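Presented below is the structure to which this report refers.
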Amino acid sequence: MVGEEEKRGEIVVNEVNFVRKCIGVDSSQDDLWGKLICTNFKVSFVTHNSLPQQNFRYVHRLLGEHDVPLACVEQVVTVNDAKGKQKVLGSNQKLKFNPTELILYCKDLRILRFRFDQAGPEGAKKVCLAIAHYSQPADPQLLFGFEYAGSRYYNSSGERVNGVDPGGGQQTALFDRPSDWDREIKRTGASEWRVCSVNEGYVVSPSLPEYFVVPASLADQDLKQYACSFTGQRIPLWCWNHPNGSALVRMSSISDPQQQRKLDQRICTAITKSHPQRSDVLKSDLDKQLPNIQEVQAALLKLRQACVIEPFEESEEKWLSSLEASRWMDYVRAFLKHAVEVVYSLEGKHTSVILLEEEDRDLSCVVACLVQLMLDPHCRSLLGFQALVQKEWVMAGHRFLDRCNHLKKNDKEESPLFLLFLDCVWQLLNQYPSAFEFSETYLTVLSDSMWVPVFSTFLFNCPKQRADYSRDFARSRSIPLGDQALRFPPVWDWSQQFSPKDQTLFNNPLYVGKSATCVQNGAVKSFKRTKKSYSSTLRGLPPALRNGQLLSEVDTLPRRNSLVLRLRPELGGGAREPCESPCERFMRERFSRPAEPQGTLLPQLLPSHLALWRLYFLRWVPEARIPRGGPPAAYHKLSLLVDEIHTLQSRLRNYSSGPHNATSSPSALTSTPSSRRPPPVPAPAPAPAPSPILALVPAPKPPQRPQSLSQPDQQQQHQGRMYFRVSSLALPGSGSGSGSGSGTPDYLSSSFPFSPVGNLCRRGLLGTPLSKLLSGARIWLSTETLANETL
Amino acid sequence: MPCLCSQSGVAKSVFDFSEDVGWNLQGLRLKVSGYKDIIYICPFNGALKGKVFITNYRLYFKSDGDHVVVLDVPLGAISRVEKMGGASSRGENSYGLDITCKDMRNLRFALKQEGHSRRDIFEILFRYAFPLSHGLQLFAFLSQEKFEENGWHVYKPMEEFRRQGLPTEKWRISFLNEDYKLCDTYPTILVVPFKATEDDLQKVATFRSRCRIPVLSWIHKDNQAVIVRCSQPLVGMSGKRNKDDERYLELIREANSTPKLTIFDARPNVNAVANKATGGGYEGDDAYQNAELVFLDIHNIHVMRESLKKLKDIVYPNVEEAHWLSSLESTHWLEHIKLVLSGAIQVADKVSSGSSVVVHCSDGWDRTAQLTSLAMLMLDSHYRTLRGFQVLLEKEWISFGHKFASRIGHGDKNHADQDRSPIFLQFIDCVWQMTKQFPTAFEFNERLLMVILDHLFSCRFGTFLYNCESVRDSNHLRLKTVSLWSLVNSDTSSYINPFYTEESSRVLYPVASMRHLELWVTYYIRWNPRIRQQQQSPVEQRYRELLALRDQYLKKLQELQLSDSSPSAHLSNSSASSAFLCHAAHHAPAHALLIHQHTHTHTHTHTHTHTHTHSLAHSHVRLQMFMYIR
């Protein structure tokens with residue numbers, strides 16, 4: 001163990017040497033030898049061998065190449081070939097045989113396999129038991145995050161440990177203070193709504209945040225009174241306001257049947273009063289229309305089975321139907337569809353909407369977020385998205401601790417709702433690739449971060465629980481209480497996990513942003529502009545579109561009194577009566593116009609137009625990897641172009657900031673003053689040394705932000721916003737230089753930035769069924785079957 | 001709805017209908033019939049009343065009222081016209097015409113029962129949609145369109161063979177088929193083993209179905225392994241052998257000392273066996289000892305036709321929603337795609353590892369064309385360029401006698417013809433799957449593939465007409481019709497994939513797994529108005545915007561440098577920037593940089609077009625910029 005790890009509170013529990021990590025190639029020749037270590041944070045495999053076929057990896061600051069956090073371990077399976085035995089290990093269990101191998105099923109869909117042929121049998125057994133035990137902590141305080149936060153406190157006197165960077169995380173609004181809510185009210189123009197602090201100290205509701213937003217017409221006194229009639233004493237929460245004044249509100253069920261009608265009416269009246277047109281309120285019952293958390297969990301298990309557990313070749317034939325049978329895609333579609341209906345009410349009908357859910361802590365989080373993502377371009381920026389998750393998931397009290405099942409206490413409570421939400425976001429991103437500031441890598445990494453149990457974001461069921469647990473832990477460690485005592489970093493502090501360079505993988509080079517307008521109270525303005533441009537696009541379609549079907553069939557809506565309504569086609573089995581709901585019509589109208597990345601995003605809901613999130617679900621499957629292909633190939637090319645644009649921008653800025661600055665800029669200094677003129681023949685490239693021009697890349701984020709241009713920030717010199725940089729390529733040396741330099745790098749694949757090498761699916765990399773490697777234990781059961789086995 | 005060509009505005013000047021006038025096609029008078037008060041029963045919008053115009057090229061419908069619905073269907077796309085209802089039919093709109101199209105849609109028109117309007121329309125449609133059944137000429141022979149470039153010059157067999165490095169010491173060019181006497185469905189110029197005499201070829205021809213002897217399609221520049229294509233051997237029930245054929249294959253094997261020649265029989269094993277009954281069969285182990293036979297399990301044209309029919313059922317007019325994925329699975333369309341692709345991967349893999357291969361199916365003009373052309377696309381980056389792809393189609397499909405006329409049924413009323421099959425569509429789908437998996441590897445974009453498919457049916461161009469070269473020659477096709485490549489190459493920028501990165505030596509292996517194969521929704525589901533119709537993929541569109549932005553900045557920088565160039569104080573600066581500019585230009589597709597004309601390095605034909613030879617373009621730009629700076 002290195003000092004760095006101890007500093008952050010990590011201790012080795014058990015370790016064993018001479019372990020072989022199976023790489024899954026035909027033979028065992030690529031397997032790695034090393035030490036298997038179980039700490040209170042992770043399962044670590046330390047080796048001096050390097051993986052075959054891999055020369056790229058993004059570096060996780062807390063985890064090594066072969067490491068898995070304990071919280072990410074879903075199931076620990078031990079096998080003894082000779083005896084033909086296997087056992088799924090739980091916490092505090094005994095193992096009657098010496099394991100010859102260990103298989104770890106991970107929550108991020110990885111499967112790792114270690115063999116102990118050369119390791120000491122007792123040591124191997126101990127490590128297996130330790131992993132099983134520590135991956136299922138009995139007490140929340142045993143989650144590594146507490147040690148981590150504690151060590152942060154202890155070490156905070158000196159230099160910053162754990163790479164805490166005041167940047168990243170703290171720009172994201174956490175909604176734990178009234179000012180964040182105030183800003184949100186202003187941003188959305190929700191003038192008839194106010195921040196309420198009745199729940200300070202969590203005195204009214206244990207699951208609500210201390211501050212939230214309510215209709216201005218409701219007094220604190222009333223709210224306190226109403227609270228007791230709601231499930232979990234949850235006063236209805238304001239989420240967001242549409243520029244037309246319609247509000248999105250989420251509400252738990254009214255537990256007191258006698259109060260129901262009265263209370264219901266009062267809430268509705270108050271919301272109506274807060275609407276500029278006093279328009280009606282629509283209630284949308286999520287429990288009735290959407291799958292419940294158990295169904296979502298079952299869907300993921302089946303999907304996982306199909307993606308990573310079933311043998312690749314054998315499952316090919318039935319791939320589509322097993323996808324369908326998992327119902328995962330159905331559920332993704334159901335949530336998107338529901339959100340679209342809410343969008344229609346808010347935007348098409350100008351009505352406020354209440355999302356109703358029994359506890360208001362699960363389905364509402366998904367729907368509320370999706371609605372805002374579709375309607376509010378601010379939420380599609382990186383900071384906006386993070387604030388959105390913070391607002392609708394973390395602060396609204398989504399039970400991350402239970403849903404992640406970090407304590408492995410109650411499997412019935414486990415549900416991948418957040419992953420489902422991210423999949424929905426991915427579908428939007430897939431359909432509107434330039435509407436989001438972040439990339440699909442960001443979404444994938446965000447979902448993986450759920451299993452790195454150090455972030456305040458995913459460790460607790462609600463803000464109160466966080467406060468309570470922190471207090472208890474602080475007391476037990478004699479950490480003085482107070483604001484600064486035990487601060488868990490939010491996941492948004494990405495520097496905890498990744499270097500600034502690796503964080504640039506989050507940036508979407510296609511993004512068409514208006515970051516500048518969104519930062520200042522300009523969102524309302526930009527909305528109006530968006531609306532205007534809708535109508536203007538209708539009037540002034542470009543001729544190219546006029547000519548085509550866009551204006552033809554697509555654009556024609558049956559109007560009242562038009563021919564359409566009078567003519568009723570009644571052909572036997574022929575033309576179907578177009579039965580279109582108003583919402584469908586609303587969508588069709590929108591689809592007839594060109595998409596606008598900054599406008600309302602309505603997803604295409606036909607099942608043929610939803611796709612499997614391949615990066616997430618197939619990234620660990622060696623057979624599904626497309627070498628130097630897949631979306632990353634285009635991403636690479638795009639990044640280079642965008643980086644080039646940033647570089648040009650900074651060049652131009654240098655020019656506009658006057659000749660004096662230009663001469664004093666590093667580029668001028670490094671270039672040779674003797675060469676008065678460029679040679680007449682093709683450029684002699686400033687060969688291996690980085691080009692002086694390219695060194696000068698203070699590409700600001702966002703680029704439009706006004707700043708003093710004369711001082712190129714030294715810090716930013718070697719950072720661009722793009723992961724792939726033009727500067728990393730050799731300049732064209734000779735005139736005949738073809739595009740070889742800009743070719744797709746070898747390490748790119750459809751799994752980028754992840755690599756399936758080192759992950760074990762059923763078959764080897766070269767197609768040998770794993771069963772051949774499993775000499776004794778021929779039965780390789782699925783996790784589900786294994787779980788039922790008692791030994 | 002218009003065919004894609006008019007949608008894209010490619011031939012706007014020629015083919016645009018401005019209202020109801022100007023139905024002229026470059027001097028050619030079209031026969032116009034107009035009909036009022038026709039009701040188009042749109043499956044999405046219900047019944048719409050409007051006017052119908054029929055020319056000898058298209059069926060055009062325009063609805064009355066404010067919200068105009070337009071249908072624009074090339075008559076070539078029509079596979080079947082049926083009358084529905086009779087004079088006594090009751091019920092609204094039960095009397096009219098039912099039109100089935102080859103491009104994944106059906107159209108219904110309701111007509112008035114009074115008068116004889118239906119008979120009129122029906123007859124005109126029937127006559128011009130199926131000209132060959134009425135002793136008329138296909139439209140391509142009437143069209144007098146003019147384009148900047150003559151697409152018939154795209155493919156010159158000798159040039160293409162020369163590009164491949166042929167002839168060699170082991171492979172020679174034979175003109176034996178000059179008059180189509182050896183094989184009437186093969187092209188005139190063939191490449192055969194050097195040691196095989198013309199007499200040998202004649203003898204081999206007797207043992208191969210329809211005399212389609214094994215000839216070279218492609219040779220690997222480094223290892224000299226070849227792809228050879230042919231038809232099945234005429235083994236028959238009795239298991240006949242032919243010494244000449246055996247020796248001939250041995251010559252192919254010997255040419256680059258391949259230890260064991262691999263014969264890929266595209267068919268499923270059972271089909272190959274069944275073919276013995278009709279005199280065909282496959283190469284037996286005993287007869288061909290230095291060869292190994294691999295069956296690729298690709299089904300025949302009938303299976304593919306049924307599969308596409310099922311696919312149409314679940315996407316048109318409405319997308320099957322309840323069980324989309326399992327319905328898609330039950331069409332087996334993607335599974336067939338998978339088999340074709342994985343067959344081609346095996347071919348490409350063998351060849352790139354140095355082994356020569358022979359590919360055949362039954363007649364060697366359907367599955368064989370799919371396999372050889374896809375394998376060549378994987379092996380040879382030239383075929384992934386806009387022009388190279390045209391060459392590939394001209395060579396492996398058109399010149400080697402894929403029976404386009406029979407498979408598509410151009411101008412033929414016999415819609416139930418068992419010879420029709422979407423083999424070429426399936427191939428284009430495979431290409432599309434590859435472009436999806438390798439977004440930077442192809443110089444052309446999805447739009448090219450769509451245009452190719454649209455004009456596969458339209459009969460506006462001569463490119464896909466007739467079954468083989470001998471018939472094309474006797475009909476003077478290249479003299480009397482225009483090539484589709486004339487249209488494409490006169491407007492290349494519309495078909496360029498901005499992400500294209502030239503990687504000349506790269507072999508492209510797609511992953512032929514259901515995990516990655518997708519339904520090509522932008523083609524198969526394009527008639528559905530509930531789907532946003534996009535001119536080009538949003539990613540491509542955005543990339544083009546970014547390119548434009550980059551160029552704008554470049555231009556600005558150049559201007560600044562120009563105005564800056566006199567005082568010597570900043571010279572160092574500008575020299576540095578020029579290095580950068582060159583660098584930037586290096587990454588720029590030529591079309592974005594306003595470069596004039598360049599000769600394409602690969603084709604020695606047309607110097608007057610905008611092409612995109614990057615290396616040349618770069619040095620040119622670089623020179624230009626230095627001139628600027630001076």
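What you see is a predicted model; the values in this text were computed from it and never measured. The basis for the numbers below is simple: all heavy atoms, side chains too, and nothing from hydrogens, waters or symmetry mates.
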Task: Approximate separation, where rounding is to 0.5 Å, of A/Ser751 OG and A/Arg614 CZ - done: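 Going from OG on A/Ser751 over to CZ on A/Arg614, the span is 12.0 Å.
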- [ ] To the nearest 0.5 angstrom, please state how far the OH atom of B/Tyr524 sits from the CG atom of B/Leu328.
- [x] 10.5 Å
Open item on the list: I'd like to know if A/Glu324 pairs up with A/Lys318 as an ion pair, taking the criterion as any Lys NZ or Arg NE/NH1/NH2 lying under 4.0 Å from an Asp or Glu carboxylate oxygen.
Closed with: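 Judged by the 4.0 Å cut-off on N to carboxylate O distance, A/Glu324 and A/Lys318 do not form a salt bridge.
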Open item on the list: Looking only at the side chains, is there a donor atom on one of B/Thr501 and A/Lys637 sitting less than 3.5 Å from an acceptor on the other?
Closed with: yes
- [ ] Scan side-chain atoms only and decide if A/Ser322 and A/Glu310 contain a donor-acceptor pair under the 3.5 Å cut-off.
- [x] no
- [ ] Select, from B/Gln552, B/Gln437, B/Lys556, the one with the greatest count of heavy-atom pairs under 4.5 Å involving chain A.
- [x] B/Gln437
Task: Max heavy-atom pair count under 4.5 Å with chain A, selected residue of B/Glu320, B/His323, B/His332 - done: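 Heavy-atom pairs under 4.5 Å are most numerous for B/His323.
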Portion of [X] that has a non-hydrogen atom of chain A nearer than 4.5 angstrom:
X	result
B/Val539	both
B/Leu519	neither
B/Leu334	side chain

Open item on the list: Assess the residue pair B/Arg515 and A/Ser315 against the criterion (side chain to side chain donor-acceptor pair (under 3.5 Å)); give the C-alpha distance rounded to whole Å, side-chain angles, the decisive distance to 0.1 Å, and a yes or no.
Closed with: CA-CA 10 Å; B/Arg515 266 92 164 159; A/Ser315 57; 3.1 Å; yes
Task: Residue among A/Leu641, A/Leu612, A/Leu602 with most heavy-atom pairs under 4.5 Å to chain B - done: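 Heavy-atom pair counts peak at A/Leu641.
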Open item on the list: Among A/Gly630, A/Ala633, A/Ser608, which residue has the highest count of heavy-atom pairs closer than 4.5 Å to chain B?
Closed with: A/Ser608
TODO: State, yes or no, whether a side-chain contact exists between B/Asn528 and A/Leu606 at a heavy-atom distance under 4.5 Å.
DONE: yes
Could you tell me which portion of [X] (side chain, backbone, both or neither) has an atom closer than 4.5 angstrom to a non-hydrogen atom of chain B?
X	result
A/Ala595	both
A/Glu316	both
A/Arg333	side chain
A/Phe617	neither

Task: Which residues share a side chain to side chain contact (heavy atoms under 4.5 Å, CB included) with A/Ser434, sequence neighbours left out - done: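 Testing A/Ser434 for side chain to side chain contact (heavy atoms under 4.5 Å, CB included), a comparison that skips the adjacent residues, returns A/Leu510, A/Val512, A/Pro597, B/Arg542.
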